[in-house]
Colleague: 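Please find one structure pasted underneath; my questions will follow.
Side chains are part of it too, since the values below use all heavy atoms of this structure and drop only hydrogens, waters and symmetry mates. First the proteins, then the strands, lettered A, B, ... as listed; each starts at 1.
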2 protein chains.
Amino acid sequence: MISRPPRPRERGIPEATVARLPVYLRALQALQERGTATVSSEALAGAAGVNSAKLRKDLSHLGSYGTRGVGYEVEYLVYQISRELGLTQDWSVAIVGIGNLGRALANYGGFGTRGFRIAALLDADPDVVGRTVASLSVRHIDNLEEVVRDKGVSIGVIATPAGSAQGVASRFVEAGVTSVLNFAPVVLNVPDGVDVRKVDLSIELQILAFHAQRRADGDGRDAERAGLEVT
Amino acid sequence: MISRPPRPRERGIPEATVARLPVYLRALQALQERGTATVSSEALAGAAGVNSAKLRKDLSHLGSYGTRGVGYEVEYLVYQISRELGLTQDWSVAIVGIGNLGRALANYGGFGTRGFRIAALLDADPDVVGRTVASLSVRHIDNLEEVVRDKGVSIGVIATPAGSAQGVASRFVEAGVTSVLNFAPVVLNVPDGVDVRKVDLSIELQILAFHAQRRADGDGRDAERAGLEVT
DNA sequence: ACGTGCTTGTGAAAGCACGCACAAAGTGGG
DNA sequence: CCCACTTTGTGCGTGCTTTCACAAGCACGT
Ligand SMILES: NC(=O)c1ccc[n+]([C@@H]2O[C@H](COP(=O)([O-])OP(=O)(O)OC[C@H]3O[C@@H](n4cnc5c(N)ncnc54)[C@H](O)[C@@H]3O)[C@@H](O)[C@H]2O)c1
Ligand SMILES: NC(=O)c1ccc[n+]([C@@H]2O[C@H](COP(=O)([O-])OP(=O)(O)OC[C@H]3O[C@@H](n4cnc5c(N)ncnc54)[C@H](O)[C@@H]3O)[C@@H](O)[C@H]2O)c1
């Protein structure tokens, strides 16, 4: 009865699950490179640093891709997760702010391997504009709209100082970019329908400091509320 | 195996709150620089990009530091949050892996202003060891234990390639470092009591891609399921 | 054909997190 | 001194997340 009409249209994957899928994907790709054909939820959960029940529930949101008594076929699962995450298509990325961080990002080779193509680098500094970074010539920020259009940029990365970030974000939005990754330590204001994620190293350090202090405080006695763990 | 019957349910600020305190702190410091003396939960919440009820509840975990009818005294609140986060003391940070990213981190000035002092840079590459980066001479990774001891390092930052990250993490732990910030795209295995946080740019991009794809899929018709927001 | 053993997929329970809405508490004017 | 107004602190309902625990499903050997 249950024919095999693949049900890829499961709307509504929990946000928490979405955030873990990339982790599973990476673990699966590592297994794949090692030639592993199938993997159990227990083993994959171990590699991803999560509880196995959570892993199974997460995967169940994509469909029933496992085989009871056996586990999951690695290659098939890699494909399914990639498809769900939208990695079967290419995404064009523009980085604005080619300073310390922007250069590091541009030179990082780990993006291209996962469907993300760095299409353009932009900066406001005349000394930086025109220089070649990671085989790309840095364009002036004034060309943002043109670059977005011509290169089909769909993801904008902001690596400018905090003071310039909101302006850059607004221009991205104006140009039609609806996905933004922000490294500047400011809260960006964007209209509905635009997805902004931030990476803030200072905040990470402060969270670590909080836990470290707590550990030091309640020392000796009940220091067990200590570590979160793993990643 | 590790069952923990006794629930350590004592003094506890929710994890979600801890993650937002640094955001409030930054907003408060911006107000402080502008000379603002007091601020309402509504105004501060706006600056931090959160709901005002959430802000008030978060702050209530630290104590009753507001005045009804008036708001919060900026300076006092800055102090209280700083103290809670452990920023009234200095934290010594060591960065391992002085490549693209490690150099950007070392050159970033935004840490020192918040109680974090970059105390040492370490690398394994003979070409990198001995060079001066951000006024620090890069030490060889073999000196990790010595450096941790002599500089009182309490936070370790890992910016090495993925393959080296676990080894570096283990050495950090062995040397007594219980807080680790990991940029390498691997799940680190550490003993209980060690706090690891990860920053993974690829994951952020993949989450953006997921939402972007969803937006593109259900276009035109019900595109309202669209953007989150965050910052 | 059928039992054995292993692993998935998922109800159900428990725990968190969020945000509304409002009483309590403080300010300032009259 | 009292009243009108403002803003905090929080009780409570709602929905999301995590985890447990186990029936159902599949492979394989007999
Ligand atoms: N470097 C790090 O490790 C690090 C760590 C945490 C956060 N950050 C944040 O990342 C951002 C960048 O850091 P950085 O160290 O690379 O800074 P940086 O000063 O080295 O580089 C900033 C670059 O942005 C360019 N720029 C400034 N205004 C611009 C505009 N309006 N349009 C286009 N380009 C503009 C500048 O010309 C410069 O090249 C900052 O917001 C910083 O707070 C950096
Ligand atoms: N550059 C980026 O923007 C970026 C973005 C996302 C993730 N990452 C991750 O950050 C890490 C570093 O990236 P990168 O671009 O700086 O790489 P990189 O190759 O430029 O630098 C890595 C450095 O680590 C050193 N190293 C290697 N093994 C070591 C060891 N065992 N002990 C000490 N040092 C060692 C190398 O000598 C090198 O200097 C990688 O894991 C990468 O995946 C980087």
Side-chain angles (χ1 to χ4, degrees), chain A residues 1-2 4 7 10-21 23-24 28 31 36-74 76-77 80-81 225 228-230, chain B residues 1-10 12-21 23-24 28 31 36-74 76-77 80-81 207 225 228-231:
Chain A
M1 274 321 274
I2 312 289
R4 186 105 304 221
R7 306 196 61 192
E10 283 294 353
R11 280 309 74 155
I13 295 182
E15 199 47 38
T17 295
V18 173
R20 282 186 295 266
L21 289 179
V23 179
Y24 303 153
L28 284 164
L31 289 170
T36 312
T38 64
V39 65
S40 72
S41 65
E42 198 69 47
L44 182 53
V50 302
N51 179 301
S52 71
K54 181 151 62 178
L55 172 86
R56 288 198 297 277
K57 186 152 285 187
D58 282 344
L59 294 184
S60 77
H61 288 293
L62 313 188
S64 274
Y65 296 143
T67 305
R68 295 175 192 228
V70 176
Y72 300 88
E73 195 196 327
V74 174
Y76 187 53
L77 201 49
Q80 290 298 343
I81 295 180
R225 189 75 225 114
L228 289 175
E229 76 319 305
V230 197
Chain B
M1 355 265 90
I2 298 106
S3 55
R4 187 67 51 72
R7 278 216 150 278
R9 196 53 311 152
E10 77 306 336
I13 297 182
E15 197 51 35
T17 294
V18 172
R20 282 187 295 264
L21 288 179
V23 179
Y24 304 153
L28 284 165
L31 289 171
T36 314
T38 63
V39 65
S40 72
S41 65
E42 199 69 46
L44 183 53
V50 303
N51 177 297
S52 70
K54 180 151 63 178
L55 171 82
R56 288 197 297 277
K57 188 158 287 183
D58 282 343
L59 294 183
S60 77
H61 289 294
L62 313 188
S64 274
Y65 296 143
T67 305
R68 297 174 189 225
V70 177
Y72 300 88
E73 196 197 328
V74 174
Y76 186 53
L77 201 48
Q80 290 298 343
I81 295 180
I207 295 173
R225 185 92 225 104
L228 290 172
E229 23 40 58
V230 195
T231 43

Colleague: Round to a whole Å and report the spacing from CG of B:Asp58 to C1' of D:dT10.
Modeller: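 Roughly 13 Å, once rounded to whole Å.
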Colleague: Nearest-Å distance, CD (B:Glu42) to P (C:dG19)?
Modeller: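 Interatomic distance, CD of B:Glu42 to P of C:dG19: 13 Å.
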Colleague: For residues B:Leu55 and B:Ala45, report the shortest heavy-atom separation together with the two atoms involved.
Modeller: CD2-N, 3.8 Å
Colleague: If you measure from CZ on B:Arg56 to CG on B:Leu44, what distance do you get to the nearest 0.5 Å?
Modeller: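 Those atoms lie 11.0 Å apart.
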Colleague: Report yes if at least one side-chain N or O of B:Ser41 is closer than 4.0 Å to OP1 or OP2 of D:dT7; otherwise report no.
Modeller: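 No, because none of the side-chain N or O atoms of B:Ser41 sits under 4.0 Å from OP1 or OP2 of D:dT7.
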Colleague: With a 4.0 Å cutoff (strictly under), does any side-chain N or O of B:Tyr72 reach OP1 or OP2 of C:dG26?
Modeller: no
Colleague: What are the two closest heavy atoms between A:Tyr24 and A:Ala48, and how far apart are they?
Modeller: CD2-CB, 3.7 Å
Colleague: Mind calculating the distance between CG (B:Leu44) and C1' (D:dT8) to the nearest angstrom?
Modeller: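 Nearest whole value for this atom pair: 13 Å.
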Colleague: How long is the line joining NE2 of A:His61 and C1' of D:dC16, in whole Å?
Modeller: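 Value for this atom pair: 10 Å.
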Colleague: Would you mind building the protein contact string for nucleotides 25-30 of chain D? One character per nucleotide, 5' to 3', B for base within reach (heavy atoms under 4.0 Å), S for sugar-phosphate only, - for untouched.
Modeller: BBS---
Colleague: Show, in sequence, the C-alpha distance, side-chain angles and deciding distance for B:Asp58 and B:Val50, and conclude whether the side-chain contact (heavy atoms from CB on, under 4.5 Å) test is met.
Modeller: CA-CA 11 Å; B:Asp58 282 343; B:Val50 303; 6.0 Å; no
Colleague: Find the distance between CD (B:Glu73) and OG1 (B:Thr67) and round it off to the nearest 0.5 Å.
Modeller: 8.0 Å
Colleague: Measure the distance from OH on A:Tyr24 to P on C:dT8 and round it to the nearest whole Å.
Modeller: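 That distance rounds to 13 Å.
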Colleague: Assign each of B:Ala16 and A:Leu59 to its nearest nucleotide of DNA chain C by heavy atoms, then name whichever residue's nucleotide is nearer the 5' end.
Modeller: A:Leu59
Colleague: Which distance, rounded to the nearest 0.5 Å, do you find between the CG of A:Leu21 and the CD1 of B:Ile207?
Modeller: 9.0 Å
Colleague: Is the side chain of B:Ser40 donor-acceptor paired with the backbone N or O of B:Ala43 at a distance under 3.5 Å, no angle test?
Modeller: yes
Colleague: Name the pairs: protein N/O against N/O of nucleotides 20-22 of chain C, kept only if under 3.5 Å.
Modeller:
residue : atom : partner : partner atom : Å
C:dC20  : OP2  : B:Asn51 : ND2          : 3.3
C:dA21  : N6   : B:Arg56 : NH2          : 3.3

Colleague: Please report, rounded to the nearest Å, how far the P atom of C:dA17 is from the CG atom of B:Leu21.
Modeller: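 B:Leu21 atom CG is separated from C:dA17 atom P by 13 Å.
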Colleague: Determine the contact category for A:Thr17: base if any of its heavy atoms lies under 4.0 Å from a base atom, sugar-phosphate if only primed atoms, P, OP1 or OP2 are that close, otherwise nothing.
Modeller: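 The answer is nothing, as A:Thr17 stays clear of every strand by at least 4.0 Å.
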Colleague: Can you tell me the distance, in whole Å, between the NZ atom of A:Lys54 and the C1' atom of D:dA21?
Modeller: 17 Å
Colleague: To the side chain of B:Ser40, which of D:dG9, C:dG9, D:dT7 is closest?
Modeller: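 Output: D:dT7.
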Colleague: Would A:Tyr76 and A:Tyr65 satisfy ring pair (Phe, Tyr, Trp, His ring centres under 6.0 Å), going step by step from the backbone distance to the final call?
Modeller: CA-CA 8 Å; A:Tyr76 187 53; A:Tyr65 296 143; 5.3 Å; yes
Colleague: Rounded to whole Å, how long is the line connecting atom CG of B:Leu77 with atom P of D:dT7?
Modeller: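 Answer to the nearest Å: 16 Å.
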Colleague: Can you tell me how far the CG atom of A:Leu59 sits from the NZ atom of A:Lys57, to the nearest 0.5 Å?
Modeller: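 Going from CG on A:Leu59 over to NZ on A:Lys57, the span is 12.5 Å.
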